[in-house]
Colleague: 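Here's a structure for you.
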Amino acid sequence: MTQPSQPARVRFAPSPTGRTHLGSGRTALYNYLLARQTGGQFILRIEDTDQKRYVPGAEEELMESLRWLGLDWDEGPDVGGPYGPYRQTERKSIYQKYARQLIENGQAYYCFCPTTKAEEAESPQQRRQHRELCPGRDLTLNEADARRSSGEEHVIRFRMPFEGSITVSDAMRGDISVENSTLDDYILVKSNGLPVYHLAVVIDDHLMEITHAIRTSEWLPTFPLHGHIYNALGWDQPIWVHPSIFLKPDGKGKMSKRDSEALLEEGKSIFLGDFKDMGYLPEAVVNWMALIGWSYDDKTEFFTLENLIEKFSLEKLSPAPAAINFSKLDHFNGLHIRELDSTDLAKRIKPYFEVAGYTVDDEDKLQQIAETLQVRMATLDEAPEKAGFFFKDEIHPEPESLIGKKMTAFASLEMATRIYELIAALPDFSEETANQPLRDLAVELGLKAGHVFGFLRNAITTQKVSPPIFETMTIVGREKVLERIENAIATLEKLTQND
RNA sequence: GCCCCCAUCGUCUAGUGGCCUAGGACAUAGCCCUCUCAAGGCUAAAACCGGGGUUCGAGUCCCCGUGGGGGCACCA
């Protein structure tokens, strides 16, 4: 469609009104990919013209999330750049200059309506167009300026033609035509002198020389207005792309605040800032996000950020709304965990053990744990529950767990004792030296190998599932293995005495 | 209500008029492997919203329905 061969200048332009969503992450990602692929610039612009909804700290969380994902920007409020400032409230005078220009050209006007009278109707259905009843529309510029200088409150509105139509173009969706009669005289500048989105986005994108504007489909309804503003200013438009929004996991509508909260209770989240704590790799989140609404071909699904930079294309975007699928995120997380260098994985799981209260002072042991956990984790936060026992000095298995299936306490005690003797007597201890003898022991006692291994698993890990028992015992070390078996024997002795 | 967008398995999707008996992935089920759990391998079930056109031929193009989504603020 319009794959750029020239360097693309793209922007991600969020408003700091709350926590950063998955959908924003994807929009940022697509912009980033286009910039990196073409050797262009990725710009972060903060759209903070709504002072009422401003949330302190939102900007910080946003930046932190983007950096966590690996999406670094070339120009932005913190790093500066040649097209600044990058925070819209700091660009107020710029917008006012162009607004005045529109007024002098007759394409906008001062509106003194005390409140939005036309829109006061109770529902959108019965609402009348503002322009049908606004007296300000017919004021001369001199009259309007006089009222302004007397301090009368006012806004600036776009003068929308009653007749005709406008066609705007989306690179993915094609042309979109709308009758002007269905549009209205939208506010461009609020009574506090700050612009609304529609004006600011046009001016900023033009001044910042944005070549491709990727934003979600929520902007489609006001897209024609933006086209009109471009025309009024006499500027060329960037290439527009409006990917569809994300739907709730059940596919019924977009995420509401209530939905987000409900999700949190299930241990899931659509807030970028939560994914790290939930044990997800940024690599996996990127891979997953990229594929909701974009695909490469009929078979390739595993992508790193580098791959995506190389393979991404606007042509393969899908215009249809898509439901969020969390189980697929788990799948990708597993894939990326397994793809990691085990030393890297060790580094990444360490904080999760520490948060769970374990002291990790043996890096060599951590490395071995990482290796055994690598194929067993969907998310990193599972590490402590799966392998916390490695860091405990003392463990206390459930007494009943030490008794084998369909076995008595006596038989289990005998088995435990024989296992202890066998392991203690081995010249050296490893899977090679211990596996077969333990199996032979099971046969000798008329048991299954599973009885022997099951006992060891419970005695050493207190868990009914664990990494393979020989790997586990190697990491724990023979000395501690024997100690734990001894404890288990003592426990079993107590059980037999009670019988 | 008005305006706009969208429409292939439960979900994400491949498909750009014949390569489609519609492919892949997640999830689900079964089997194999196996000391538990995973990972891995194999298999199964599972879709072109409906109706009209256009064409020798339609999942693919057009129209109309229907369904889903979004928007209708001095929010972005």
Side-chain angles (χ1 to χ4, degrees), chain A residues 13-18 47-50 52-53 88 111 113 115-116 119 123-127 153-157 170 173 176-179 181-184 186-198 200-201 215-224 242 244-245 247 249-254 288 291-302 315-316 318-332 334-335 337-338 372-378 386 435 438-439 442 448-458 461 463-470 472:
Chain A
S15 56
T17 54
E47 310 216 324
D48 58 350
T49 54
D50 185 359
K52 289 191 286 293
R53 288 203 307 154
Q88 289 185 328
C111 166
C113 294
T115 172
T116 52
E119 295 90 330
S123 67
Q125 293 88 297
Q126 38 194 236
R127 196 169 285 172
E153 200 165 83
H154 61 278
V155 297
I156 297 173
R157 285 179 183 271
D170 176 288
R173 299 168 192 271
I176 297 167
S177 297
V178 179
E179 295 295 323
S181 62
T182 66
L183 272 12
D184 199 359
Y186 299 101
I187 290 174
L188 259 25
V189 178
K190 305 181 241 185
S191 58
N192 66 4
L194 250 16
V196 297
Y197 173 86
H198 311 302
V201 73
R215 62 171 19 170
T216 64
S217 62
E218 286 166 296
W219 293 110
L220 246 22
T222 47
F223 189 16
H242 297 85
S244 276
I245 59 156
L247 267 23
D250 63 10
K252 298 192 196 321
K254 72 169 179 179
W288 176 57
L291 258 21
I292 308 179
W294 178 82
S295 64
Y296 177 62
D297 59 17
D298 61 343
K299 50 179 86 69
T300 319
E301 290 216 312
F302 182 89
E315 284 83 354
K316 307 283 283 180
S318 160
I324 297 169
N325 183 346
F326 284 102
S327 59
K328 196 133 189 181
L329 171 60
D330 285 342
H331 169 70
F332 279 122
L335 290 183
I337 283 174
R338 272 164 258 138
T372 191
L373 246 31
Q374 192 146 21
V375 292
R376 282 169 241 283
M377 281 191 298
K386 285 190 187 301
N435 194 339
L438 284 168
R439 286 174 188 277
K448 301 227 159 118
H451 284 112
V452 170
F453 296 134
F455 164 78
L456 283 169
R457 176 163 286 114
N458 280 296
T461 74
Q463 298 171 182
K464 63 181 193 303
V465 304
S466 83
I469 197 61
F470 289 103
T472 300

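Order of the sequence lines fixes the chain letters, A, B, ..., with proteins taken first and strands second; residue numbering starts at 1 for each chain.
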Colleague: Ignoring hydrogens and angles, does a donor from either the side chain of A:Arg173 or the base of B:C5 sit under 3.5 Å from an acceptor on the other?
Modeller: no
Colleague: For B:A76 and A:Thr49 - does any side-chain N or O of the residue sit under 4.0 Å from the phosphate oxygens OP1/OP2?
Modeller: yes
Colleague: What does the B/S/- profile of nucleotides 26-40 of chain B look like, 5' to 3', with a 4.0 Å heavy-atom cutoff to protein?
Modeller: BS-------BBBBSS
Colleague: Between A:Glu47 and A:Val178, who's closer to the 5' end of RNA chain B by nearest nucleotide?
Modeller: A:Val178
Colleague: Using a distance-only test with no angle check, is there a side-chain donor-acceptor pair under 3.5 angstrom linking A:Glu179 and A:Ser181?
Modeller: no
Colleague: Which letter, B, S or -, goes with each nucleotide of nucleotides 43-50 of chain B from 5' to 3', with contact meaning a protein heavy atom under 4.0 Å?
Modeller: --------
Colleague: Shortest non-hydrogen contact from A:Ile187 to A:Val189?
Modeller: CG2-O, 3.4 Å
Colleague: Can you tell me if the side-chain N/O atoms of A:Lys190 get under 4.0 Å from OP1 or OP2 in B:C75?
Modeller: yes
Colleague: Remember a base hit wins even if backbone is also touched, and classify A:Lys448 as base, sugar-phosphate or nothing at under 4.0 Å, heavy atoms.
Modeller: nothing
Colleague: Of A:Thr216, A:Thr222, A:Leu220, which meets side chain to side chain contact (heavy atoms under 4.5 Å, CB included) against A:Glu218?
Modeller: A:Thr216
Colleague: Over all heavy atoms of both residues, which pair between A:Lys254 and A:Ile245 is shortest? Give the atoms and the distance, please.
Modeller: CB-CD1, 3.4 Å
Colleague: Could you check how far CH2 of A:Trp294 sits from P of B:G24, rounded to whole Å?
Modeller: 20 Å
Colleague: Should the side chain of A:Ser191 and the base of B:C74 be counted as holding a donor-acceptor pair, with the cut-off at 3.5 Å?
Modeller: yes
